[in-house]
Every structure is written in C-alpha cells, then in structure tokens.
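To start, the structure under review is shown below, and the notes come after it.
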Amino acid sequence: MSGYDDIPFFDDDDPALKKTPAPGPRSPAVPSAAGSGSTAGSTGGIAARAMAARDAHRTPDYLSGLNPEQREAVETLDGPVLVLAGAGTGKTRVLTTRIAHILSLGRAYPSQILAVTFTNKAAREMKERIGLLVGGAVEGMPWLGTFHSIGVKLLRRHAELVGLRSDFTILDTDDVVRLIKQIIQAEGLDDKRWPAKQFAGMIDTWKNKALDPAQIPEGDARAFANGKGRELYAAYQNRLKTLNACDFGDLLLHPIRILRTNPDILKDYHQKFRYILVDEYQDTNTAQYMWLRLLAQRSGRRPISPLEGEMPGRAEGGIPSDAGARTPPSVGSADISPSRGEIGSGTVNICCVGDDDQSIYGWRGAEVDNILRFEKDFPGAKVIKLERNYRSTAHILGAAGHLIAHNEGRLGKTLFTDRHDPEDGKVVVHAAWDSEEEARAVGETIESLQRPDRNGKRHNLNDMAILVRASFQMREFEDRFVTLGLNYRVIGGPRFYERLEIRDAMAYFRMVCQPADDLAFERIVNTPKRGLGDTTIRNLHDYARARDIPMLAAASDIVETDELKPKARKALFDVVADFKRWSALLETTPHTELAEQILDESGYTAMWQNDKSAEAPGRLENLKELIRSMEQFESMRGFLEHVSLVMDAETNENLDAVSIMTLHSAKGLEFETVFLPGWEEGLFPHQRALDEGGRAGLEEERRLAYVGLTRAKRNCHIWFVSNRRIHGLWQSTMPSRFLDELPENHVEVAETEQSYGGYGRGGYGQSRFDKQEPFQNAYATPGWRRAQQNKTDATRDNWGSRSGHAVERIGYGESGPRARTIEGELVAKSTTTEPSRFAIGDRVFHLKFGNGNIAAIEGNKLTIDFDRAGQKKVLDGFVERV
DNA sequence: CACCGAAGCTTTTTT
DNA sequence: AGCTTCGGTG
C-alpha cells in the first residue's frame, strides 16, 4: 500500500461508482484496460479474464470439480447463505470459487465484493487461489482482507469524521500498554497496584463488545482502580485522539461509528458492496458482527439485532441510485454490467462460512452465538452443510465426531468420507510415564516413520506435526529433537516485528513519517543513550502537554529556551535536527536508503555494534533483514502500514521439518500424521478454561480437541502421561476425560511402551507400577482406573454431572478439598490452604523419586530431600508417609 | 545511569 | 523452575 495522502473514495476499477480519476502506478487496471493498459507486472482485468473463462466453457471448469453441496454454496448467489463447513470439507474452495463465479457471471466487479478473513494468511491464501481460478494474481480485489485491514481502509477515507487525520498511527499492544501506564500514572494512581497490562486487557474486552466508555457495565468500571475504570478508558480514548492514533479495536469501532452516524456514507457502501463473504464466521466477536450487519443491512429491512439499535436513515427502499445502471465504459460487452434487481430490494447477498465445532477463540471475545443465530439474523437464509470430508480417514473422522458429539448447543454436523481403506489405522492412544518419556517416544515414532517403508516410501517430516495445548509443552520436544538431530520448526513463536531492535528501528521510522507520534518519540529519544534521562523527558512531556503539541515540536521549541541544562539541551537539539533532516529527505530519498541512513546517523546501529552481548550480532542481522524487507514496499509509509497490520514471520519452506505448534495455531492446517501429546486432566482440558469458563470452557476445550484430531489426514497419535512437571513441580496427572469420549471402534491403545512402568526398575527404587502386569490397554492404567473410580465415587455422592465425569485438580490426592460444580457440571476443585498433613522431617515416598525426607513445607508444596533424586519440590498430594 | 536482587508472572493469539 | 520486570542502591 502506498501513501495515503490521496485516497480515492472509490476504486479505480469500479467504473460504475468511479469518482476519482488518476489511477496510481500500482492501481489495478480497469477491466477495459485489460490487454492494453495493463503492464506486465500489473494484474488488472480479472473480471475480464474471469468472463473469458466463462465464455470458453459452457459449464465452467471451476464448477465441475465440486460436490453438489459445494456447488450449491457457490451458485446460491442471492440472499443470505450460511455455509457450515466441517473440517476438511473444502471451505476455502467454496469461498474462492464463489468469488470466481460472481466475477465470471459479471455479477459484480472485483471491487464490489467484500471478502473478510481473520488472518492475513487466510487472506493471502484466498487471493492466491482466486488467482489460480481466474488466472493470474488478484490485486484487483481491493476489499479482500482481514477485518482490520479493511477497517483501516475505511477509516483512512473518513478519519476526520471521528476526529482523526487520515495519517493516523496504529498502535500495537506494546504501545498501548505503555500509553495506559502513562495515563494511570497521570491520574496519580499506583501503576503497581493497577497494572497497565491488565487494564489494556479490559479495554480490549470492551472493544471486542463494541462498548464505549459510557457503555461499559458498571461492575467492570468499578473493578479497576477504585472505580476509575470508566474514567481511565475515556482518558485513554482522548489521549489516542490527541496522538492521532488508533488501537486495533478502534480499527473496527471507528468505522462502525462512521457508518452509523453518516447514512449517506453507509448508503454508498451498501451500493458498493454487492456481495459480502465472511470466512471463519464462528470466530467473529460482537464488534465484527455489528460491522458486518451494518454493511449487510439493506433498505426495507428493519434492524434485527438489538445490539445495533436503530439504524440511521435508509427508510425508503429502492434500487441504488443510478450506479448499477451505468454501462461500464468500453469493456465491450454490456452483459458484464453488474446485474441488479436483488440488490437494494431487501436481499442481502452475504455468505458466511464457518464451523461452530471449530470455535476456539471464545476466550478472546468470539461469539459462537453469531453463527448459531445466523438464520434469525438473516431471515430466509439458506443454510448449506458441507459434511463430506476430503481430508481424513474414516477412523479419524469417527473419533473426532464421537468426541464432539459430547458438546451441547451445536448446529450438528457429521463428517463422512467415502474413503474406507482397510490399511488405514485407527487413532492410537499412548501412555507414557512422564513428559520426558512422551517426547522420547514421539521422537522414536517420528524416526521410524521417516525410515523408508517396504515400498521405499519415506514419510516427510513436513507432513508431521505435534500439536500441544500450551506452549510450555513444546520445550520438551525441542530438547529431544535437538538431541536426536531431528529437524523441527516451531510455529507461532516470538514474532519478528515484536523484537526489541525492530520495534526501536520502527519507532525511528514512525517519527519520520508521523512526527506527532509521541510514543515512538519517547521510545527512542534516549536510545541509544544521549544523556536525555527521566528528568529531561518529564520536563519535555509537561511542556508539550501544557501547549498541546507533540513532543518533537515541543523539543524543537524548548531547545530555543534555557529551560534545560546545557548538556541535555545540546543533545535534544541534535535529535531535533536529525529528525528535521530525515523528514526532509522522506520525499526525495529512496526509503530503504533513508532507513539505513537513519539507523546509522542516529547511532542506533553503532549501539549494537558496540554491544558485546551474545545477541547483538543477531540483532544487527535482524535490522538488515528489516531494511531488506522494506524493499518490497513503495514507501516508508506503506511499509509501516504493512507492519502494523501484518505481524507475520515467514517460515522457510525448503526445510523438511516436523512442525511443533499449539492447537490454536493449527486451525486450518492439515498433516499426514499428527501427534497430540498431553491429554491429561488439567492440561487438556486446561484447568483454567474449566475454572473460568465452566461448562462453556469445557466445550471449547473439546472443540480444541476436535480441531486437533481433524488436522490429521492419515495417522493420529494421542499421548498422555502420568507425571508432568508444571511450574517446576512434579504433578501426578489423570488421563483426559476426552480420551474417555473417544469411540472404541476407531481407537486402539498402543502396546505398552517399553519404558512405561519400567522407570522404577530403571533407577528410582520400587514403584507401585512395577508390581503390576503391563497394562493391556491404556484404559487399565492406574491413572485411568483412578479416574473411573473417582467417577463412580462422584456419582454415588451426588457430585456427578450430566455427563458423569468427575474431575480432580492435578496433583491433589484423595484428601484434597471437595470438587465444585458449575451449572451442574462437576468442574474443579479449588486449591485451598489447609494445614499440611506432613511435618518437616517426615519420611515419605514419591512415585517418581522414591523415598526421601521432608525438608520444608510451604502450604501444599513440599521440599523433599530424596535419597536418590536429590532435593525436589513436589505437591503433597502425591507423596505418602512411609 | 548501571547493576543487581527481589518479586511477579507462567493457556490459548490476531490484528 | 525460569524468565522478565521493577525498584532500589551504589
């Protein structure tokens, strides 16, 4: 994206609505220009190409490969459509084909299609795939993007309506927290007692629900800073306005405000967007929902959602002015004129695609309810279920389907497949003693898969993934794979753009492009060290606030006075001069060159060159990489915009490596073989999800399990361990209730792993497990039995639940406090501090570490000197006095 | 301003 | 336990 000084309201390839002339060099060519006006690098005219494709075949190629349901989803263009697309049923294919179909029928120009995704990755993939269908890359779809990137686009056009300039800055989480901290301090509050981070989280939650400071619940407002929550939120919004800045939430909320309060603008967009498509609808939060409803709203239709209140204007019905009636200039055929009739007559051509069973972001504000309510929201909606799965074996689908059936409140889909290969293996459940053994065994399995089979075929590491519930689980696998020399890649680690040096460099660039960006200023004014300490900055800050000017401007003024000590004054003078010089170069110097110049002249590069720490060379390398990545952009501004919205870090695809990632980041991906470790109560389902989310939390965890299972195409291996170290404490764990929810006919239990139960023999003295026969199956492990025992106990005691599952807090022995119930579901035992049943000096026995003496007691945590294993901290739930 | 010890975290993640 | 962040001291 280029600079935003000159933002056409309408897109250049949209002749029907065209108002602004002069397409920029990179602008998509208008359809008429295809073949003549478009340059080699340009990819304009996709409508024309799509139509050519249509003309060439009676039944277009792109439709022929679809199954009947998919085809219906693609071809039902009029009215609201909800596509319930189960995992692996061709969701993306439907979306992209639908767009290609609309284009090819000439129903709309590319710029008249609004297509929204959640992630940049999804948007990118869709663009690519539409390009494949239509031929060539699709830059001609200006309104295909994430909620946020489209929000930015809207907002840049109408910024002044919410008191911003169109060159507003987008703050990331880090900036936001720093800003809030300042505000908390400015209110004279203790920022220790009232952490900025926490408040940032609260604001985020409110914004997900589209709540203004005035609208937040009284209880929420009271919950922070002695009732100052509302005040602080308002102060924060004010500050943002002064800074000419937005946070991520505002990228949705400001457009909502604009569309609500400006009926004429809303009307323009109604005319403009003939088709709306939404991906992953189950993940929309309230704000996104409202945004969509506004844009999908059509005349003659009363607002349906109470959330929205009365819609402004648009009471009269009618065809949208003359827009659709105009003949597109010189395309050569009148029939590509976007057809009309249904548009504006009350029909909403919105198509939402999603899967309620894969809703896993409730914790960050997604409302599954949005998808469950679709038919009420859009009366007359056609609901199409895609249940034919093209990804997984019948066993995997059977296991996943049986598991997810334990959830209530689903729309209800059952995936099926035609594929019934007797060679296909069942889902395998494995037991391991502890997480170390789990990692070792998974590593062995991977190595054996990697060896050529009897047909000489090797299983690529790229086709395998380990999907964990929580990121701390990754380390054990990494350690093991390093030992084995097995390639792996961790997906979703720390991001490039979040690194310290990158953020510093970006702050410099931001200052040059947006001199009013005080947060950037404060970040780098004394980086590298220039002798501009706290006192000077505070001084400057007050000066700027008093005059209501940006800090850089204040600095420029203050160095002319004698308010500062000579040393600081000189240093500040130099900084000001630097920025003035760089800003002047902005229009004339190539941006990558300027960027380098800035980092050099500011002394930032030198700072790291002089740094002797181990990470300094890496940081310098990252800075180089940063400059390199700037080359793909037209301007520094365009680059900044990209970075603020796209925080992706790219992975090297050439390496054959096992992927390690969380279940959350696995959504949308598929692998030949999937490993699902850590299926233990407390970890998965996660204790906190249960504690905080109750029954709903449990169901979301179950959906997460479903997502995990359905990532697998061919093989799926689930693991659970009996002992796991969490926060440095060894805890004994029970198999996950989800294991119990798998159907026996699709699941097999692995033969006892050689070391399971053999650990005691290995070195820790006697273990209870040693005395037992190898378990015939995992359902016969002590942990499992204990779980079953617990279950029956619970039922007998009337602690049971509808689904009859008892729950035990990890590491808590039978003596622990009673479980509590939420909505009738036995959910958790809360930790209480009871007097310890142990005393210092007691001789105790621990399953893993053997015998030892208690050295210290701290609540329920015991420090024990073990005879063999040395000093360890363990929970008292699992040692016994001897 | 730089260094060090104490203290506070520790589910999932996008934009 | 292990990491980051904060605040105090030299």
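The figures here come from the full heavy-atom set of this structure, side chains too, leaving out hydrogens, waters and symmetry mates. Order of the sequence lines sets the chain letters (A, B, ...), proteins ahead of strands, with each chain counted from 1.
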Heavy-atom closest pair (A:Pro677 atom, A:Leu467 atom, distance to 0.1 Å) is CD-O, 3.3 Å
Taking only Watson-Crick and G-U wobble pairs with both distances under 3.5 Å, what dot-bracket line describes DNA chain B, where [ ] shows pairs that cross earlier ones and | shows pairs with another strand? ||||||||||.....
Picking from B:dT12, B:dT15, B:dT11, the nucleotide nearest the side-chain atoms of A:Leu645 would be B:dT15
Can you name the ring-ring contact (aromatic ring centres under 6.0 Å, His included) partners of A:Trp291, sequence neighbours left out? A:Phe147
Just to verify, what does A:Glu699 make a salt bridge (Lys or Arg N to Asp or Glu O under 4.0 Å) with, not counting sequence neighbours? A:Arg695
By nearest-nucleotide position on DNA chain B, the 5'-leaning member of A:Trp363 and A:Lys529 is A:Lys529
According to the 5.5 Å centroid and 30° plane-angle thresholds, does A:His686 stack upon the nucleobase of B:dT11? yes
Which of these nucleotides, B:dT15, B:dT12, B:dT10, is closest to any side-chain atom of A:His664? B:dT12
Nearest-angstrom distance from the residue atom CG of A:Leu251 to P of B:dT15: 12 Å
Choosing from B:dT11, B:dT12, B:dT15, which nucleotide comes nearest the side chain of A:His148? B:dT15
Nucleotide of B:dT12, B:dT15, B:dT13 approaching A:Ser471 most closely (side-chain heavy atoms): B:dT12
Between B:dT15 (P) and A:Gln288 (CD): distance, integer Å: 12 Å
May I ask you to say what A:Gly151 touches in the nucleic acid, namely base, sugar-phosphate or nothing, with a heavy-atom cut-off under 4.0 Å? nothing
Would you kindly give the CE-to-C1' distance between A:Met474 and B:dT12, to the nearest whole Å? 10 Å
How long is the line joining CG of A:Leu171 and P of B:dT15, in whole Å? 17 Å
Students often get this wrong, so: under 4.0 angstrom with heavy atoms, is A:Asn526 touching a base, only sugar-phosphate, or nothing? sugar-phosphate
I'd like to check the ring-ring contact (aromatic ring centres under 6.0 Å, His included) partners of A:Tyr361; sequence neighbours left out, ordered by chain and number. A:Trp363, A:His664
Residues which pass ring-ring contact (aromatic ring centres under 6.0 Å, His included) with A:His642, listed by chain and number, not counting sequence neighbours: A:Phe633
Could you check how far CH2 of A:Trp291 sits from P of B:dT15, rounded to whole Å? 15 Å
Going by ring-ring contact (aromatic ring centres under 6.0 Å, His included), name the residues that satisfy it together with A:Phe671, two or more places apart in sequence or in a different chain. none
Checking A:Arg523 now: which residues fulfil salt bridge (Lys or Arg N to Asp or Glu O under 4.0 Å) with it, not counting sequence neighbours? A:Asp174, A:Asp504
Could you check A:Leu532 against A:Phe472 and say which one's nearest nucleotide on DNA chain B is further toward the 5' end? A:Leu532
Using whole Å, report how far CD of A:Glu641 lies from P of B:dT15. 14 Å
Quote, to the nearest angstrom, the P distance that separates C:dT4 from B:dT11. 16 Å
Tell me every residue that passes side chain to side chain contact (heavy atoms under 4.5 Å, CB included) with A:Thr535, counting only those two or more places apart in sequence or in another chain. none
How would nucleotides 2-10 of chain C be written as a contact map, 5' to 3', with B for base contact, S for sugar-phosphate-only contact and - for no contact, using protein heavy atoms under 4.0 Å? ----SS---
For A:Gly638, does its backbone N or O pair with a side-chain atom of A:Glu641 as donor and acceptor, under 3.5 Å? no
Measure from CE on A:Met607 to C1' on B:dC1 and round the result to the nearest Å. 15 Å
Separation of A:Leu663 atom CG from B:dT11 atom P, in whole Å? 16 Å
Check this for me, if you would: do A:Arg724 and A:Glu438 make a salt bridge, where the nitrogen-to-carboxylate-oxygen distance has to be below 4.0 angstrom? yes
Would you indicate what A:Ser644 reaches in the nucleic acid, counting non-hydrogen atoms under 4.0 angstrom: base, sugar-phosphate, or nothing? nothing
Phosphate contact (B:dT11 OP1 or OP2) by A:Arg688 side-chain N/O below 4.0 Å: yes
